Amino acid sequence: MKSKPPELWTPETVTARDLVTDSAITVLVSCEGCRTNREMNIWKVGARLADDYLYGLRFRCRTCGMYPTTMEIGRRNSSQGEKLFKIALRPAAWDESHEEAQRHAIERANRKWSGSS
């Protein structure tokens, strides 16, 4: 499959193969559990899932175990970054065990951020 030009990228159709063609592109994943933003290496994703739509992928935070719900695609400029669009993650594979893991991660995060342990 061939990569699409940037003007054809949308949250519903962008793939890792599209993004790796531009070295200035960044992929930022936001975790609501540990309240961090992490830049993702799209080359690692593209090595296995080059033609899968990014909105259907499932990622899990290594720190808190929560499944992030959004991913932001941007471009680095000389002085600052430019946000292109945000992707709402809707994992293709999601079952009861994932739902349970997400619920537990949310409970842990709520306990942590409310100050009780």
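Side-chain atoms are counted along with the backbone in the values below, which use heavy atoms only and exclude waters and symmetry mates. Everything numeric in this text was worked out from a predicted model, so none of it was measured.
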J.: For residues 96-106, please give each side-chain donor-acceptor pair under 3.5 Å, one per line with the distance, not counting sequence neighbours.
T.:
{"from": "Ser97", "atom 1": "OG", "to": "Asp95", "atom 2": "OD1", "distance (Å)": "2.7"}
{"from": "His98", "atom 1": "ND1", "to": "Asp95", "atom 2": "N", "distance (Å)": "3.2"}
{"from": "His98", "atom 1": "ND1", "to": "Asp95", "atom 2": "OD1", "distance (Å)": "2.8"}
{"from": "His98", "atom 1": "NE2", "to": "Arg58", "atom 2": "NE", "distance (Å)": "3.4"}
{"from": "His98", "atom 1": "NE2", "to": "Arg58", "atom 2": "NH1", "distance (Å)": "3.3"}
{"from": "His98", "atom 1": "NE2", "to": "Arg58", "atom 2": "NH2", "distance (Å)": "3.4"}
{"from": "Glu99", "atom 1": "OE1", "to": "Trp94", "atom 2": "NE1", "distance (Å)": "2.9"}
{"from": "Glu100", "atom 1": "OE2", "to": "His104", "atom 2": "NE2", "distance (Å)": "3.4"}
{"from": "Gln102", "atom 1": "OE1", "to": "Tyr67", "atom 2": "N", "distance (Å)": "2.7"}
{"from": "Gln102", "atom 1": "NE2", "to": "Tyr67", "atom 2": "O", "distance (Å)": "3.1"}

J.: So, Trp113 side chain and Gly33 main chain: donor-acceptor pair closer than 3.5 Å or not?
T.: yes
J.: Nearest 0.5 angstrom please: Leu28 CG to Ile87 CD1, how far?
T.: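 Between atom CG of Leu28 and atom CD1 of Ile87 there are 11.5 Å.
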J.: Return the set of residues passing side chain to side chain contact (heavy atoms under 4.5 Å, CB included) with Leu84 (not counting sequence neighbours), or none when no residue passes.
T.: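 Leu84 satisfies side chain to side chain contact (heavy atoms under 4.5 Å, CB included) with Trp9, Ile25, Ile73, Arg75, Glu82 only.
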J.: For Thr13, does its backbone N or O pair with a side-chain atom of Lys4 as donor and acceptor, under 3.5 Å?
T.: yes
J.: List the residues meeting side chain to side chain contact (heavy atoms under 4.5 Å, CB included) with Phe59, not counting sequence neighbours, and say none if there are none.
T.: Met40, Val45, Leu57, Pro68, Met71, Leu89
J.: Do Leu54 and Leu8 sit in one hydrophobic cluster, given that two such residues count as connected whenever their side-chain heavy atoms are within less than 4.5 Å of each other, even indirectly?
T.: no
J.: Just jot down the side chain to side chain contact (heavy atoms under 4.5 Å, CB included) partners of Lys86, sequence neighbours excluded, or say none.
T.: Thr70, Glu72
J.: Which atom pair, heavy atoms only, marks the closest approach of Asp18 to Ser3?
T.: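 Looking at all heavy atoms of both residues, the closest pair is OD1-CA, 3.3 Å.
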J.: Could you list all the salt bridge (charged side-chain N to carboxylate O under 4.0 Å, His left out) pairs where at least one residue sits in residues 36-51, not counting sequence neighbours?
T.: Arg17-Asp51, Glu39-Arg76
J.: Can you tell me how far the CD atom of Glu12 sits from the OH atom of Tyr53, to the nearest 0.5 Å?
T.: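 Between atom CD of Glu12 and atom OH of Tyr53 there are 10.5 Å.
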J.: What residue pairs, at least two apart or across chains, pass salt bridge (charged side-chain N to carboxylate O under 4.0 Å, His left out) with a residue in residues 24-35?
T.: none
J.: So how far is it from Cys34 SG to Arg108 CZ, rounded to the nearest 0.5 Å?
T.: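 Here the rounded value is 11.0 Å.
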J.: Would you call Phe85 and Thr10 a side-chain contact if the rule is heavy atoms closer than 4.5 Å?
T.: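 Counting from C-beta outward, Phe85 and Thr10 never come under 4.5 Å.
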